[in-house]
Each structure stands twice: as structure tokens, then as C-alpha cells.
Amino acid sequence: MNEKSVTIIGAGIAGLSAGCYAQMNGYRTQILEMHHRPGGCCTTWERDGYKIDGAIHWLTGSKPGNPFYSLWEELGALQGRNIVDHEEYARIEGKDGQVFVVYSDVDRLEKHMTELAPEDRQVIKEFTDGIRTSIDFPMPIEKPRELYGPIDGLKIMLRMRPFFAFLRKWEKATIEDFAQRFRNPFLREVFPLAVNLQNGPDFPMLGFLMSLAWMDQKVAGYPVGGSLEFARSLESRYLALGGEIHYESRVDKILVENDRAVGVRLADGSEQYSDTVISAADGRTTIFDMLNGKYISKKIQTYYGDLPVSRPVIYIALGIASTFDEMPHQTTGLDFPLNEPVKIGERERERMCVQIYNFDPTLAPAGKTFMRVYFATDYEYWKELGQDPVRYAAKKEKIAERVITSLNRRFPGLASKVEMWDVATPLTFERYTGNWQGTFLGWRITTKTLRLRMDKTLPRLENFYMAGQWLEPGGGVPTAALSGRDVVQLLCRRDKNPFAVAEANHL
Ligand SMILES: Cc1cc2nc3c(=O)[nH]c(=O)nc-3n(C[C@H](O)[C@H](O)[C@H](O)COP(=O)(O)OP(=O)(O)OC[C@H]3O[C@@H](n4cnc5c(N)ncnc54)[C@H](O)[C@@H]3O)c2cc1C
């Protein structure tokens, strides 16, 4: 057993995961979290008897058959947890009553699309065959790429070989380009709406196909109980492994001596020393503030200067005294057109996407439902508005009012049943999690960024590692958790110890 000490900054999913694996491997760790609870972006907050769920609407690896499943099992995140697999990934309504349902089952999806647009039979088949091929697409996550030797590289090449043509075809195709191939005008218009709204029209078809393959296989369901409960299960696992978490402990600086990280300075001025520091906090803050931008390369500068960031959102939560029993459930929600454009935030909106969480009874009192709507927005707009707290609060109220009015048109009678509303903006997410521009998925996935992987160490700085959503475009809880596991494998290699994994007890 080595007894080296590790300080981890941030008790989000990445920090908790790094803590769990470091404890499993004999390191003495502490996590310093600026908030009073774990989870970071993966959170839930309470208002008037409702739980507002801030994150996971689908968890890759929720069932066996996906490589991420064993990661969640090791972290004790799935034991005893109910998972809901929705029959629909998305439901998109048109102006004249047409509906495009992105069914989770690929055969059903193909049948439905062909009925909607028989003239596009060929393109639809190409699309659904792409989903079928994605089912077997390899995802080698056992170890980080930094530890690949020539044999690993060869093995991966061999596993990937049957997919070379598939990759060539789909990774450079954007969802918008693909949609243009439909002759049916409705399908052409609504198809790109099926990818969720932090992504743009340049979202790669490959990402969409993979997501739908997981839906078809029922390996990316919704964990009942909400996101904070999910994060709490990692917190419990970490504490059971002997880790220590200090809440309300904001780190201001990473202490460095002779180009070696030796500890951290907290906002209260106290200093804590350890053999290694792992930052699982916001990437930009870590590199440019905590380390004063001293350990960067051209590549890092280019990332933080040029790469697109996942679009932050205006997040509207509602508590409704109704159960919406007649409504089917979707992974991403019901997207419907508004009678007339409505100004929400900085621009006019023509559509709205609502998620009705009546499939999770833990989020609302009996007979009631938690609902959420969100819109992509510009950070700068909110930054400016935030200078004036009165205008900022009034704007939030106006947004809630407009959203309720629009929802009331789609669900007549809803407005009179609203018991709670809450509006979060990019400033809320920024304040709460420290993430750059208030985003909660790190870099945006596009056809250009899809394959990018950021380094988990910084040039010239020893005994320092980074984990979290800023290491791989697209973010998400699986990426965050995997990065925690990966950095501990790097630590073990540095210390010449074999990497070990302890099974979590089943509840
Ligand atoms: C509305 C919404 C929907 C989402 N949907 C999904 C989904 O369906 N599926 C999915 O996989 N993911 C989803 N996500 C994304 C997912 O929640 C995040 O990508 C993931 O949780 C990021 O984890 P992280 O640990 O990398 O970072 P973070 O969650 O940002 O954690 C960083 C932690 O560091 C702490 N911290 C920051 N600075 C300091 C400091 N100076 N000192 C001490 N502590 C500090 C923060 O408080 C935070 O706890 C969603 C998120 C949101 C908000």
C-alpha cells in the first residue's frame, strides 16, 4: 500500500470518481469542494415541495451491455436504482399536426419514418442501418490512451477495422447536411431538432447514431431519484472507501514549487499540502486562474481561444398540480411550435421543448409533476443583465410568465395549475459550479471537435492532473467519471503500482 496523499479540487462526478479510484489504490485523499454538497452540474434543488432536476436525462451505461456499466458499478452508482428506458427519444410536433417521433426502438423508428415520408425510404434505411451498425461500435475505455502501447494500438485498430467505412461516412456528416437529403419537407425541417439544443446544426451524425443505438439497446436510461441522488451515491462510495470531503472549501490557487504541484491555497487563505493535486474543477479556471496561465502550450491556448463551448441555457422549472398521464415519455422531451414567436431572453423563439418528469415520482408530491423547459442562450447577454439585479430578476419573471402562457396553449388549463416556477440562467450555473460561460457540458461536439481529447496533465508541471468534462468535447457524466478513473491509472503508472478496482457491495 502506498500512502501518498492526493488533494482533489471539486466534488463533481469527476472529482468523486477520481477520489473513489484513488482510495481503491491506496492513496490518502481529500476532496475540497466550494459548495456545501456534491455533484457540481449533476444536481437537484428544492422549491416548494418539488425537486428541480438539473442534469441527467440519460445515463450512458445504465444497463449491462455498455462498457460504462462496469464503471458505474465500481462507483456504486447503479446498485438498487430504478432505471426508466423511454420508448421515445424525442417527439417533435409540426405546425400542421404532423408529428415526428424518434422512437428508441430502431425498427419502430424506421417504420414510422417510412410512413411519414415514403418518398425517402432509401435515406431512412441508410439512417436506421447506421444506428444498427453503431450498436457494435467498439468503445475501448479500459485504460486511458496515454497508457496504450503498440500492442494496444494494434488491438484497437483490429477492432475498429470493420467500422472504417462506417466512420468515413458518418463522422464528417452534420445532422443539418443529412436532413437536407430528405425530400419530405417536414422531415427535412424537424430532423435536426432531434439532437438536443446545446448542440448546433454541425453536430455529427455519428454522435446521433451512437445515442440512438444506446436507446435501442436500452443502455442509456434515466436513473430515478434525480441527479443529486446519483451524485450522493458516489459520495457515499467515496466516504465508505475512507476518503474525506471538505465542503465550503473553495480553492483559489494551486501551490507549485520547482514546477511540482505541492498543494492548494483556499479562499480563506489556509494552505493544504499533498504529494499530488488533481483538479476536477472548471478547465479554464484551473489553467488560467489557479495556475496563473503559467503551464500552457500553443495547443491549450488554441483550445481556450478557438473551440466552441456547449451553449449555456435558460432553464425554466415548473411544478404543476397535474399528472399528465396521457403524455408519452421522451428522453429529451416534446418539441412543439409556438403559435407566434415569443421573446425569451435575447431572442425570439419559435419552438419550445418541454420535459414532463411524471416518470420520476420522487421529484414531485403525489399527483403532481415537475416539468422543465430550456433554451440555448448567449452568455454575454446574461453577463450584462446580471450587472443590474433588478432588471435581471424582472427578466427571469417575464420569462417564466411567457413560458407558462405558451405551455398553456399546448396544454390548456396548465397555467391555473402552476404551483412553482424557477428560472436558472448561465449566471446561475456559473455561480453554482464555476464552469466557464455557465455551460454544463464543456466543449461543444461538432464534426471538427468529435475526436479531440485534451491532455490530463499540463506541460512542465509535475504531480498535477486534470479530470472532468473539459477533457473531451460533449462532456456528460460518463466522460467525467471515466476521466477520474483514467487519472488514477496515470497516477498508478507514475508510482509503478498496478491499478486495482474494488467492487461496490450490492445494496
Ligand atoms: C440541465 C443539464 C442537463 C444535463 N444532462 C445530462 C445528461 O442527460 N447526461 C449526461 O451524461 N450529462 C448531462 N449533463 C452534464 C453533466 O451533468 C456534466 O457534464 C457533468 O456532471 C460534469 O461533471 P464534472 O465533474 O466534470 O464537472 P462539474 O460538475 O462542473 O464539477 C466541478 C466541481 O468543482 C467544484 N469547484 C469548481 N471550482 C472550485 C474551486 N475553486 N474550489 C473548490 N471546488 C470547486 C464545483 O462546485 C463542482 O462541484 C447535464 C447537465 C445539466 C446542467
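Just so you know, ligand 1 is whichever comes first in the structure, and atom 1 is the first atom listed for that ligand. Values in this document were obtained by computation on a predicted structure and should not be read as measured data.
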Nearest non-hydrogen protein atom, [atom]:
atom                    : answer
atom 41 (N) of ligand 1 : Val251 O, 2.8 Å
atom 11 (O) of ligand 1 : Val477 N, 2.9 Å
atom 35 (C) of ligand 1 : Glu33 OE1, 3.2 Å
atom 26 (O) of ligand 1 : Gln469 N, 2.8 Å

Part of Leu59 within contact of ligand 1 (heavy atoms, under 4.0 Å): neither
Location of contacts on Pro38 toward ligand 1, heavy atoms closer than 4.0 Å: neither
Set of residues satisfying salt bridge (Lys or Arg N to Asp or Glu O under 4.0 Å) with respect to Lys63, sequence neighbours excluded: Asp85
Side-chain H-bond candidate by donor/acceptor type, Asp360 with Thr362, under 3.5 Å: yes
Residue pair Arg494 / Thr276, side-chain donor-acceptor N/O under 3.5 Å: yes
Any Met290 heavy atom less than 4.0 Å to ligand 1: yes
Output field: ring centroids Tyr379/Tyr381 closer than 6.0 Å: no
Phe411/Phe324 aromatic ring centres below 6.0 Å: yes
